[in-house]
Colleague: 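Pasting a structure here, questions to come.
Chain letters run A, B, ... following the sequence lines, proteins first and then strands; every chain starts at 1.
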2 protein chains.
Amino acid sequence: MLKRSFEPAPGCWMILPVNSSVSTKDRILGAAELLFAQRGFEGASLRQLTTNAGVNLAAVNYHFGSKEKLVEEVFRRRLDALNESRLAALAQVAGAPETTLEDVLEAFIRPALDLSHDDSGALFMRVLARAFAEHDDTLRQFLSANYGHVMRQFTAEFARLLPQLSKQELYWRIDLVTGALTHAMSGFGMIQRKSDVSENAHREQTALHLIRFAVAGLSHP
Amino acid sequence: MLKRSFEPAPGCWMILPVNSSVSTKDRILGAAELLFAQRGFEGASLRQLTTNAGVNLAAVNYHFGSKEKLVEEVFRRRLDALNESRLAALAQVAGAPETTLEDVLEAFIRPALDLSHDDSGALFMRVLARAFAEHDDTLRQFLSANYGHVMRQFTAEFARLLPQLSKQELYWRIDLVTGALTHAMSGFGMIQRKSDVSENAHREQTALHLIRFAVAGLSHP
DNA sequence: GCGGCCGTCAAACGATCGTTTGTTGCAAAC
DNA sequence: GTTTGCAACAAACGATCGTTTGACGGCCGC
C-alpha cells in the first residue's frame with residue numbers, strides 16, 4: 001500500500017520513507033507476533049498491541065484493514081520466507097538416488113530451526129503452534145491454500161523414499177511427525193541448553209534429536 | 001453445594017432434585033467443553049455458553065465463582081478420571097520384568113483413546129491440545145500441580161525400560177512423543193475411518209499406529 | 001506557493017465482555 | 001405458620017473490545 005503510492009515513479013530513488021528506521025507496519029507486525037504468542041489471537045487486544053508497538057490504535061486498521069488481516073500478514077511474512085527456504089533445500093535433494101530420509105527431514109527442519117535462532121522467530125513458532133491447535137477454519141484454509149503445496153512436495157518425496165508404506169500408513173506417520181515437530185519447536189528452550197554449550201552447538205544437537213526421532217518414526221518396520 | 005443442602009438427611013431418598021435429569025452444573029460443563037474446543041477459552045463467551053446450555057447467564061458465576069474456575073473444573077472433571085485410569089493401567093505392568101515398552105505406552109494411550117470414544121470426550125482432547133499450545137502459566141501450573149505425578153510415574157517406568165538412554169536423551173524423546181500423541185488425539189478423526197471398518201476396529205488401529213510410532217521414537221538406537 | 005495525498009492522531013462509536021445485584025419461587029427446618 | 005437457605009432469573013454494572021471518523025501536519029507534483 002505504502003509502496004503502491006510511489007508506483008508512478010518506479011525504481012531508482014525508492015529509498016522508502018527515510019524516517020522508517022523501523023516502519024509503523026513492521027513495528028505492528030513485531031508487536032503482534034509477540035502478543036499473539038503470549039495471549040493468542042483473541043486474547044491480544046489492538047490497544048495493548050499498538051501501545052507496545054508505540055503506534056496509534058487506528059494504525060492497524062489503516063495499514064492492514066482489520067485485525068484478522070493483520071493475523072494473516074503475520075503468518076505470510078514468516079511463512080513466505082520459511083517455505084521458500086524449505087523448498088529450495090528440498091529441491092537440492094529431491095529425486096536423487098542417493099538421497100536419504102535424513103536429507104529430506106533436514107530440508108524441512110533446518111529452515112525452521114534457523115528461524116528460531118532469534119527471539120522473534122522463536123515466538124512465531126509458538127504462534128504457529130497455537131494456530132494449529134485452534135482448528136480455526138478460516139486460518140486453516142488460509143494456510144492450506146497458501147502453503148499446502150509445500151507439504152505436498154515433501155510428502156511426495158517421503159513416499160518415494162518409503163515405497164513399502166501404504167498411502168494411509170504414510171499419512172499417519174507424517175501426521176505424527178508433524179505433531180512432534182510442532183510441539184518441539186513451539187516449546188523450544190524448555191529443555192535448556194547448558195551454559196557450557198554454545199548456541200550453535202545447541203541448535204545442532206536439537207536438529208539431530210528431531211531428525212533421528214523423525215527418521216525412527218517414519219521408517220520403523 | 002447442591003448436595004450439601006441435602007446432607008442432614010443422608011442416604012435413602014437422595015434421588016437428587018427430580019427435575020435435574022442433567023443438573024445445571026453439568027449442563028454448563030458440557031456446553032463449556034464444546035465451546036472451549038471450538039472457540040478457545042478467550043473466544044468463548046459466557047453468554048453464548050449459557051445460552052447453549054439453556055441456563056441463566058449468572059449461573060456460571062454462581063456455581064463456579066468465575067470463568068477461570070469453570071475452565072479448571074472442565075479439566076478436573078475429565079483428567080481426574082483419565083489419570084486414574086492411566087495410573088491403574090500402569091500399576092498393572094510397572095516394575096514387572098516381562099513388561100515391554102508397548103505395555104507402558106498402552107497404559108498411557110488406551111485410557112485417552114477410550115475417552116475419545118464419545119463425542120464430548122473427543123472434544124475434550126481438543127481442549128487439552130489447545131491448553132498445551134497456549135503456554136498459559138496459570139493453566140500449566142494447575143495441570144502440573146494436579147497431574148504432574150502421573151507424568152513422573154510414567155517417566156520413571158520409561159527410564160527403567162530404556163536404561164541405555166541418558167536422562168537428557170529420555171526427556172527429549174518423551175517430549176517428542178507427547179507432542180505427537182497430543183497432536184494426534186486432538187485431530188482425531190482427520191484420518192477418516194472407512195465406512196466398512198467398525199468403530200472398534202478403527203480405535204484398535206489407531207492405538208496400534210500410535211504405539212508403534214511411539215515405540216520407534218523412544219527406543220531407536 | 002498551492003492543492004492533493006498520505007500517515008498519524010485523539011476521540012468516539014456501538015457491541016460485547018465478565019461480573020454483580022436484587023428479586024422471586026420453593027422446599028426444608030423449626 | 002414462620003423462617004431460612006438455595007437456585008434461577010432479568011437487569012444492570014463498568015470495562016474493554018474492534019472499528020470508524022474527522023481533523024491536523026508534512027511532503028510531493030504542479
Colleague: Can you classify the ring geometry of A/Phe41 versus A/Phe36 as parallel (below 30°), tilted (30 to 60°) or perpendicular (above 60°)?
Modeller: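 A/Phe41 vs A/Phe36 ring planes: perpendicular.
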Colleague: Does B/Asn61 have a side-chain nitrogen or oxygen under 4.0 Å from the phosphate oxygens OP1 or OP2 of C/dG18?
Modeller: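 Checking C/dG18 against B/Asn61, no side-chain N or O comes under 4.0 Å of OP1 or OP2.
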Colleague: Atom NZ of A/Lys67 and atom P of D/dT20: how far apart are they, to the nearest Å?
Modeller: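 Value for this atom pair: 14 Å.
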Colleague: Look up atom CG in A/Leu35 and atom CG in A/Leu123, then write down how far apart they are to the nearest 0.5 Å.
Modeller: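 Separation between the atoms: 10.5 Å.
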Colleague: Closest approach to the side chain of B/Asn56, judged atom by atom: which nucleotide of C/dT19, D/dT19, D/dC9 is it?
Modeller: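 Minimum distance to the B/Asn56 side chain belongs to D/dC9.
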Colleague: Could you tell me how far apart A/Lys25 (NZ) and C/dT8 (P) are, to the nearest whole angstrom?
Modeller: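 In whole Å, C/dT8 P and A/Lys25 NZ are 11 Å from each other.
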Colleague: Distance check needed: C/dA15 C1' versus B/Leu46 CG, whole Å only.
Modeller: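 Result: 16 Å.
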Colleague: From the options D/dC17, D/dC9, C/dG18, select the nucleotide whose nearest atom is closest to the side chain of A/Ser45.
Modeller: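 Closest of the options to the side chain of A/Ser45: D/dC17.
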Colleague: What distance separates A/Arg78 CZ from A/Leu29 CG, expressed to the nearest 0.5 Å?
Modeller: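 Atom-to-atom, A/Arg78:CZ and A/Leu29:CG are 9.0 Å apart.
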Colleague: Can you measure A/Gln48 atom CD to C/dC17 atom P for me and round it to whole angstrom units?
Modeller: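 Rounded to the whole Å, the gap is 20 Å.
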Colleague: Without decimals, in angstroms, what is the distance between B/Arg47 CZ and D/dA10 C1'?
Modeller: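 About 12 Å, once rounded to whole Å.
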Colleague: Select one nucleotide: of D/dC9, D/dT19, C/dT8, the one nearest the side-chain heavy atoms of A/Tyr62.
Modeller: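 Of D/dC9, D/dT19, C/dT8, C/dT8 is nearest to the side chain of A/Tyr62.
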Colleague: In terms of relative ring orientation, are B/Tyr147 and B/Phe142 parallel, tilted or perpendicular, with 30° and 60° separating the classes?
Modeller: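 Plane angle over 60°, so perpendicular.
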Colleague: Could you check how far CG of B/Leu57 sits from C1' of C/dC17, rounded to whole Å?
Modeller: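 So the two atoms are 10 Å apart, to the nearest Å.
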Colleague: With a 4.5 Å cut-off on side-chain heavy atoms, are B/Leu128 and B/Thr182 touching?
Modeller: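 Sidechains of B/Leu128 and B/Thr182: no contact.
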Colleague: Take atom CZ of A/Phe64 and atom C1' of D/dT19, then tell me their distance rounded to the nearest Å.
Modeller: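 Rounding to the nearest Å, CZ of A/Phe64 and C1' of D/dT19 are 16 Å apart.
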Colleague: Of all the nucleotides listed (C/dG7, C/dT19, D/dG18), which has the minimum atom distance to the side chain of A/His63?
Modeller: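 Nearest nucleotide to the side chain: C/dG7.
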Colleague: Looking at C/dC17, C/dC9, C/dT21, which one has an atom nearest to any side-chain atom of B/Ala58?
Modeller: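 Selected nucleotide (nearest to the side chain): C/dT21.
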Colleague: Over how many whole Å does the gap from A/Glu68 atom CD to D/dC17 atom C1' extend?
Modeller: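 Distance check: A/Glu68 CD to D/dC17 C1' gives 16 Å.
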Colleague: Please confirm whether the shortest side-chain N or O distance from A/Thr24 to OP1 or OP2 of C/dG7 is below 4.0 Å.
Modeller: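 Answer no for this pair, as no side-chain N or O of A/Thr24 is under 4.0 Å from OP1 or OP2.
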